[in-house]
Amino acid sequence: MRPYLLAENNWRHIKEISFDVAVLPWGATEAHNYHLPYGTDIIEAEAIAAEAARIAWEKGSKIIVLPAVPFGVNTGQHDVTLDINMNPSTQLVVLKDVIEVLNRQEIYKLILLNSHGGNDFKPMIRELGLRFPKMFISSCDWFKSLDQKLFFENKDDHAGEMETSLMLYLRPDLVLPLSEAGDGNSKKFKFDAIKEGWAWAERQWTKVTKDSGVGDPRNATAEKGEKYFKAVTEKVAQYFIGVAQTDSNDYYE
């Protein structure tokens, strides 16, 4: 039993602890090229949340990791078989219900550990922050926490070198031989404004990529995945610790 994972605990243990921060991992269920499983984002979210919480717990921060939400926003992949979409409006309702429980039980800090690029929790946090003024609600994208260039040869957008390396380290039993992976080539929008980052439109996934990947996975290794995992979880743990140890009336400097 890991004391920082709710799913592994029982009420005898839980009712005796005053938790500083709740962490909600949030993934997606979607195709990841030909060689990675549909649950890649969920597996990564759960593993990173658990390890970061372990580091924080051992340094005195009472973190409780909630079970991961397995469905994300996949509106641009509606025609990819069994990519399960959860609309933002549905996510808002789910998140509201979770926050309602935490707020009632006086756990006033929540970190959403996001593992899927299609999820955007900022508008929801703005709205729910008004409803629950005692709550500190934050989201963090673990995949943006470190510069990929420090670990990988090719930038990964989806199912490329980074994610494949992570999965080779975390769950090699679920990774097909890289000889079976697509090359992850993808098309980009024609518009300069979108390329420059000041305009945005959703990608229609099957018009962008043939194999559902965006990023070349063929240089991935378990060794790269292990190095990256350890660095990411240490970085995420420092955020968990910072939120846990900061007084609710003193978030700003």
Spatial distance of atom [atom1] ([X]) from atom [atom2] ([Y]) [nearest 0.5 Å]:
{"X": "T40", "Y": "M167", "atom1": "OG1", "atom2": "CE", "answer": "4.0 Å"}
{"X": "N154", "Y": "N219", "atom1": "CG", "atom2": "CG", "answer": "5.5 Å"}
{"X": "H116", "Y": "N74", "atom1": "NE2", "atom2": "CG", "answer": "4.0 Å"}
{"X": "K210", "Y": "S186", "atom1": "NZ", "atom2": "OG", "answer": "12.0 Å"}
{"X": "I194", "Y": "F191", "atom1": "CD1", "atom2": "CZ", "answer": "6.0 Å"}
{"X": "E202", "Y": "T75", "atom1": "CD", "atom2": "OG1", "answer": "3.0 Å"}

Any chance the side chains of D83 and T81 put a donor and an acceptor closer than 3.5 Å?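 Not at all, the side chains of D83 and T81 share no donor-acceptor pair under 3.5 Å.
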Starting from [Y], can I reach [X] by hopping between I/L/V/M/F/W/Y residues whose side chains sit under 4.5 Å apart?
{"X": "I48", "Y": "I55", "result": "no"}
{"X": "I125", "Y": "I107", "result": "yes"}
{"X": "W142", "Y": "I42", "result": "no"}

Picking from L24, V23, D141, what satisfies side-chain contact (heavy atoms from CB on, under 4.5 Å) with L113?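 With L113 as partner, side-chain contact (heavy atoms from CB on, under 4.5 Å) holds for just one option, V23.
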Atom [atom1] of [X]: over 12 foreign heavy atoms under 6.0 Å:
{"X": "Q245", "atom1": "CD", "value": "yes"}
{"X": "K96", "atom1": "NZ", "value": "yes"}
{"X": "K62", "atom1": "NZ", "value": "yes"}
{"X": "K195", "atom1": "NZ", "value": "yes"}

Which is it for F132 and Y108 under the ring-ring contact (aromatic ring centres under 6.0 Å, His included) test, yes or no, and what are the steps along the way? CA-CA 9 Å; F132 302 96; Y108 292 127; over 10 Å; no
Measuring only between side-chain heavy atoms, which start at C-beta, is F151 closer than 4.5 Å to E161?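 No, side chains not in contact.
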Report the relative orientation of the aromatic rings in [X] and [Y]; use parallel for angles under 30°, tilted for 30 to 60°, perpendicular for over 60°.
{"X": "H158", "Y": "W205", "answer": "perpendicular"}
{"X": "F229", "Y": "Y169", "answer": "tilted"}
{"X": "W26", "Y": "F121", "answer": "tilted"}

Criterion ring-ring contact (aromatic ring centres under 6.0 Å, His included) on Y251 and F136, from CA distance to verdict: CA-CA 9 Å; Y251 287 130; F136 174 83; 4.5 Å; yes
